[in-house]
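Each remark here refers to the structure printed beneath this line.
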Amino acid sequence: MKFTGSDISVIGLFGFVIVLTLVEMYFSYLHDRKLYTKRDTWTNIYLMTAAIVINLATKTGTFFLLQYCYQFRLFQISNIWIYWLVLILAQDFLYWFLHTVGHYVRFFWAMHVTHHSSEHFNLTTGFRSTVFEPLYRVFFYLPLAFMGFTAVDILFAYLVTQIYGNLVHTQYNIKFPKWYEYIFVTPSHHRVHHASNVRYLDKNMGMVLILWDRWFGTFQAELPEDEIKYGLTTQPTDTGPVNIIFHEFIALTADVKKAPTFMDKVKYIFNPPGWSHDGSTKIAKIMQQELRDAEALEKSKKLKSEQPELSSAV
């Protein structure tokens, strides 16, 4: 078997991630930080394996669909440096869009939720895959083929950016220069993304660049006064191998069945998670607005209570 330069690069990068994971695991146990548990780590490996199986099953179809669309490319970038720069930037933006859809459309959230279902956060969480994403991811990347990028290059760019995305799944506090934190996704940014705190829901969708979140209003910094709690707002009681993949589909089906009208049924499928026809549950944006209102009211009360003290002092 002959390995290409791309194959060697990907193998080397994955090997680097695995080594870092083992190092983080070692220091976690050495310092008793309890970042890992056996059950959670095995669940991460199981979900990664399930995603790999689906990836392999769909790989041929993905490749030929991208290559077919490449025939109808609108332009071709001849400069190799500009070619790869534009490909990485465009691919990262399209991933941001795919990821955002996974949070704001409940049908897609039902698939993406597995990645967020862990109450732990470590490098193996990056392998806790959205199992069914390979079935639809290619449709989000079709614009790249029309932009003149080959299927091989698109898939390679995705693998490289995915590896970077895995590396930011860590609780170790790594200080980066301010310019870097403004442009690129850091572990702090991604810790926010995996939090179940109301303030942090549906934030920081980027894989490599955090600029998309800053520009499109989905950015949230990690705040020391709002300590992160990992996992889902409502954790599944059954974390068995089948339910961990399908529990949100089961909940979605139940909601669709109880919806009183056809349009309500459609809204349960395509509206953001938390939407309900009777207002019994709320979407993240409404809960976040309520949080801001409550904090503003608390701040106002505090200022009023301090005013008499200031007056008496004068």
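Residue numbers count from 1 along this sequence. Bear in mind the structure is a predicted one, so any value in this text is a computation, not a measurement.
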Inset, instruction - Using side chain to side chain donor-acceptor pair (under 3.5 Å) as the criterion, list what pairs up with Arg214, not counting sequence neighbours. - result: none

Legend entry - Thr43 side chain to Asp40 side chain, donor-acceptor N/O pair below 3.5 angstrom: no

Inset, instruction - May I ask you to say whether Arg106 pairs ionically with Asp255, meaning some side-chain N is under 4.0 Å from a carboxylate O? - result: yes

Inset, instruction - Measure across Pro236 and Ile244 and return the closest heavy-atom pair with its distance rounded to 0.1 Å. - result: CG-CD1, 4.4 Å

Inset, instruction - For Asp92 and Trp212, test the side chains for any donor-to-acceptor distance below 3.5 angstrom and give the result as yes or no. - result: yes

Inset, instruction - Report the C-alpha distance between Phe140 and Val101 in whole Å, list the side-chain angles of each, state the deciding distance to 0.1 Å, and finish with yes or no for side-chain contact (heavy atoms from CB on, under 4.5 Å). - result: CA-CA 10 Å; Phe140 286 83; Val101 169; 4.1 Å; yes

Legend entry - Side chains of Tyr95 and Arg137 in contact at under 4.5 Å (non-hydrogen atoms): no

Inset, instruction - Inspect the surroundings of OH in Tyr180 and state if more than 12 heavy atoms from other residues, nucleotides or ligands are less than 6.0 Å away. - result: yes

Legend entry - Tyr70-Gln76 side chain donor-acceptor pair, cut-off 3.5 Å: yes

Inset, instruction - Give the cluster check for Ile245 versus Phe108: same hydrophobic cluster or not, with ILVMFWY residues linked at side-chain heavy-atom distances below 4.5 Å. - result: yes

Inset, instruction - Please check if the side chain of Lys265 supplies one atom and the backbone of Val256 the other of a donor-acceptor pair under 3.5 Å. - result: yes

Inset, instruction - Look at the aromatic rings of His112 and His193 and report parallel, tilted or perpendicular, splitting at 30° and 60°. - result: tilted

Legend entry - Main-chain N/O of Tyr68 paired with Gln71 side-chain donor or acceptor, under 3.5 Å: yes

Legend entry - Side chains of Ser188 and Glu222, donor plus acceptor under 3.5 Å: yes

Inset, instruction - For the residue pair Ile183 and Ile210, establish whether any side-chain heavy-atom pair is separated by less than 4.5 Å. - result: no

Legend entry - Any side-chain donor near an acceptor of the partner, Thr239 and Arg39, under 3.5 Å: yes

Inset, instruction - State whether the side chain of Thr49 and the backbone N or O of Ile45 hold a donor-acceptor pair below 3.5 Å, judged by distance alone. - result: yes

Inset, instruction - Look at the rings of Phe132 and Phe249 and say which category their plane angle falls in: under 30° parallel, 30 to 60° tilted, over 60° perpendicular. - result: perpendicular

Legend entry - Common cluster, Trp96/Leu201, ILVMFWY with side-chain heavy-atom separation under 4.5 Å: no

Legend entry - Short side-chain donor-acceptor distance under 3.5 Å, Asp264 and Thr261: yes

Inset, instruction - Flag the pair Asp202 and Lys285 as a salt bridge only when some basic side-chain nitrogen lies within less than 4.0 angstrom of an acidic carboxylate oxygen. - result: no

Inset, instruction - Please answer: with hydrophobic residues joined when any side-chain heavy atoms are less than 4.5 Å apart, are Leu223 and Tyr182 in the same cluster? - result: no

Legend entry - Test item: Gln235 side-chain N/O and Leu232 main-chain N/O as donor-acceptor pair under 3.5 Å: yes

Inset, instruction - Scan side-chain atoms only and decide if Asp213 and Asn204 contain a donor-acceptor pair under the 3.5 Å cut-off. - result: no

Inset, instruction - Could you tell me whether the side chain of Ser129 reaches within less than 4.5 Å of the side chain of Thr114, counting heavy atoms only? - result: no

Inset, instruction - Decide if atom OH of Tyr83 counts as having more than 12 heavy atoms of other residues, nucleotides or ligands within a radius under 6.0 Å. - result: yes

Legend entry - Beyond-backbone contact of Lys282 with Glu290, side-chain heavy atoms, under 4.5 angstrom: yes

Inset, instruction - Taking Ser276 for its side chain and Thr281 for its backbone only, find out whether a donor-acceptor pair lies under 3.5 Å. - result: yes

Legend entry - Sidechain N-carboxylate O distance under 4.0 Å for Glu295, Arg199: yes

Legend entry - Derivation of the side-chain contact (heavy atoms from CB on, under 4.5 Å) call for Asn44 and Thr125: CA-CA 6 Å; Asn44 294 342; Thr125 310; 4.3 Å; yes

Legend entry - Ala110 versus Glu248, closest heavy-atom pair with distance: CA-CG, 3.4 Å

Inset, instruction - Please list, chain by chain and in numerical order, all residues satisfying side chain to side chain donor-acceptor pair (under 3.5 Å) with Tyr104, sequence neighbours excluded. - result: none

Inset, instruction - Answer with yes or no whether the side chains of Gln91 and Tyr141 bring together a donor and an acceptor at under 3.5 Å. - result: yes

Inset, instruction - Identify whether Ile88 and Trp81 are in the same connected component of the hydrophobic contact network (ILVMFWY, side-chain heavy atoms under 4.5 Å). - result: no

Inset, instruction - Compare every heavy atom of Phe176 with every heavy atom of Ile174, then report the nearest pair and how far apart it is. - result: O-CD1, 3.4 Å

Legend entry - Separation of Phe93 CZ from Trp215 CH2 (nearest 0.5 Å): 10.0 Å

Legend entry - Polar side-chain atom of Tyr268 near backbone of His277 as donor-acceptor pair, under 3.5 Å: yes

Inset, instruction - Write down the atom of Asn166, the atom of Gly126, and the distance for their closest heavy-atom approach. - result: OD1-O, 2.9 Å

Inset, instruction - For His103 and Thr100, test the side chains for any donor-to-acceptor distance below 3.5 angstrom and give the result as yes or no. - result: no

Legend entry - Residue pair Ala51 / Pro134: nearest heavy atoms and the distance that separates them: O-CG, 4.1 Å

Inset, instruction - May I ask you to check whether His120 and His194 place their ring centres under 6.0 Å from each other? - result: no

Legend entry - Atom CD of Glu227: over 12 foreign heavy atoms under 6.0 Å: no

Inset, instruction - Examine distances only and state if a side-chain atom of Thr41 and a backbone atom of Lys38 form a donor-acceptor pair shorter than 3.5 Å. - result: no

Legend entry - Leu252 side chain reached by Trp109 side chain, heavy atoms, under 4.5 Å: no

Inset, instruction - Supply the atom-to-atom distance Thr150 OG1 to Leu155 CG, rounded to the nearest 0.5 angstrom. - result: 8.5 Å

Legend entry - Same cluster (ILVMFWY, side-chain, under 4.5 Å), Ile283 and Met287: no

Legend entry - Beyond-backbone contact of Val185 with Val208, side-chain heavy atoms, under 4.5 angstrom: no

Inset, instruction - Anything under 30° is parallel, anything over 60° is perpendicular, the rest tilted; go ahead and classify Phe156 against Trp84. - result: perpendicular

Legend entry - Approximate separation, where rounding is to 0.5 Å, of Leu142 CG and Phe72 CZ: 12.0 Å

Inset, instruction - Can you measure from CD1 (Ile52) to CG (Leu47) and round to the nearest 0.5 angstrom? - result: 11.0 Å

Inset, instruction - Give the intermediate values and the outcome of side-chain contact (heavy atoms from CB on, under 4.5 Å) for residues Phe149 and Val86. - result: CA-CA 10 Å; Phe149 299 108; Val86 174; 3.8 Å; yes

Legend entry - Check: Phe121 main-chain N/O paired with Gln171 side-chain donor or acceptor under 3.5 Å: yes

Legend entry - Phe184 and His189 aromatic centres sub-6.0 Å: no

Inset, instruction - Indicate yes or no: at least one non-hydrogen side-chain atom of Arg191 is less than 4.5 angstrom from one of Val168. - result: no

Inset, instruction - Report yes if some heavy atom in the side chain of His190 is under 4.5 Å from a heavy atom in the side chain of His169; otherwise report no. - result: yes

Inset, instruction - Quick one: closest heavy-atom pair of Tyr200 and Ala195, and the distance? - result: CD1-CB, 3.5 Å

Legend entry - Working for side-chain contact (heavy atoms from CB on, under 4.5 Å), residues Asn243 and Ile250: CA-CA 9 Å; Asn243 195 62; Ile250 295 169; 3.8 Å; yes

